[in-house]
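Only one structure is covered here, and it is reproduced in the block below.
Scope of the values below: all heavy atoms of this structure, side chains included, with no hydrogens, waters or symmetry mates.
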Amino acid sequence: MRETTTVRGGARLRPVRPAGWWYDALLLAGLVGLTVALATGHLFGIDRAVADWAADHRPTAAYWTAVVFNYLGQGTPLTLLAAGLGVLLAVRLRSVRPMLPPVLAFALTYLTIGPLKVWTARPAPSASVKEPFLPPEQTLPLFQDDLPVRFAQSYPSGHVANAIVWYGVIALLLAPLLRTAGRNMPPRLVTVVRVVPPLVVLTTTTYLGWHWLTDSVAGLLLGLLLDRLLHRIPWDDVPLPGRLRDWDRPFTSTL
């Protein structure tokens, strides 16, 4: 079933899978429900058990391997990579449209992930073994506004949310970029680019004790929600100023 919600000038939102807004509502409800559960003191036992198991099964080799793979979720490098792909595709197509997804993705992540972290004010599991050296039981609750901001920004996981959003944008830009070189990007490769890095980041950030399990789950829910919003936008039909008419070529129409 294709979605038919209009934007402007008769443009239609691009289809996403699963189709319909019910899935978006489910993701949002899951994020709200998870936050409420943690705010009322629930799920701490699961978080503590996972963090303790990871701490007891973290040999040096596994630790450094996880650290290396966790770089897949670094927001700044991913932002620069997506922006670079957008600029390169824009130059090849003589169109500003490929630059729109990175710009909006940056705006969405900046306006959601950071503010949520500051508002929920939750320490990371490691806050009991390094600054601010909290008692283990105090590292679990949300809304610890008495702590300095730098010690209470664990929920939701920005690494996980960023990975989902930015690899989605990279896949969106990489396929048409390869076409400008006469090559096609296999659909399975698109799926790999969008799915594997976020799963690796979710696993490693939890295993390393940098986030609670529920932080990572919250990042997953938020990232999927933002990703669906971005992929709904009809990038080839977004109205542009008249002065950009010569740089107005579509780039997603054959995806």
To the nearest 0.5 Å, atom CG of Leu230 lies from atom CG of Leu108 at 5.0 Å
Using a 3.5 Å distance criterion without hydrogens, assess whether the side chain of Thr205 forms a donor-acceptor pair with backbone atoms of Val201. no
Checking the side chain of Arg97 only, and the main-chain atoms of Val238 only, is there a donor and an acceptor separated by less than 3.5 Å? yes
Between Asp236 and Arg249, is there a salt bridge with N-O shorter than 4.0 Å?
no
Side-chain donor or acceptor of Asn162 paired with backbone N/O of Gly158 under 3.5 Å | yes
Would you give me the side-chain donor-acceptor pairs under 3.5 Å for residues 148-157, sequence neighbours excluded?
unit_1 : atom_1 : unit_2 : atom_2 : d
Gln153 : NE2    : Val149 : O      : 3.2
Ser154 : OG     : His211 : ND1    : 3.1
Ser154 : OG     : Asp215 : OD2    : 2.4
Tyr155 : OH     : Thr35  : N      : 3.4
Tyr155 : OH     : Thr35  : OG1    : 2.7
Ser157 : OG     : Val160 : N      : 3.2

Using atom types as modelled and distance alone, determine if a side-chain donor or acceptor of Arg228 lies under 3.5 Å from a backbone N or O of Pro18. yes
(Q) Taking the cut-offs as 6.0 angstrom to the six-membered ring centre and 45 degrees off its axis, would you call Arg58 and Trp53 a cation-pi pair? (A) no
Taken to the nearest 0.5 Å, the spacing of Leu222 CG from Leu28 CG works out to 9.5 Å
- Asp47 side-chain N/O to Thr214 backbone N/O, donor-acceptor pair under 3.5 Å: yes
To the nearest 0.5 Å, atom CG of Asp145 lies from atom CH2 of Trp119 at 10.5 Å
Donor-acceptor pair, distance only, cut-off 3.5 Å: does the side chain of Arg122 make one with the backbone of Leu140?
yes
Whether Thr109 side chain and Phe106 backbone form a donor-acceptor pair below 3.5 Å
yes
message: Can you confirm whether or not the ring centre of Trp212 sits under 6.0 Å from the ring centre of Phe44?
response: no
Output for pair (Leu26 CG, Leu31 CG), nearest 0.5 Å, gives 11.5 Å
**Q.** Linked, directly or transitively: Val36 and Phe143 (ILVMFWY side chains, under 4.5 Å)
**A.** yes
Does the pair Asp24 and Arg232 meet the rule for a salt bridge (Lys or Arg N to Asp or Glu O under 4.0 Å), with working shown?
CA-CA 11 Å; Asp24 303 70; Arg232 274 194 168 92; 2.7 Å; yes
Report task. Go through the side-chain N and O atoms of Ser216 and Thr206 and say whether any donor and acceptor fall under 3.5 Å apart. Result -> yes
### Message
Working note: Trp247 + Leu240, criterion side-chain contact (heavy atoms from CB on, under 4.5 Å); need CA distance, chi angles, decisive distance, verdict.
### Response
CA-CA 10 Å; Trp247 284 73; Leu240 295 176; over 6 Å; no
* **Heavy-atom donor-acceptor pair, Tyr23 side chain to Leu225 backbone, under 3.5 Å** => no
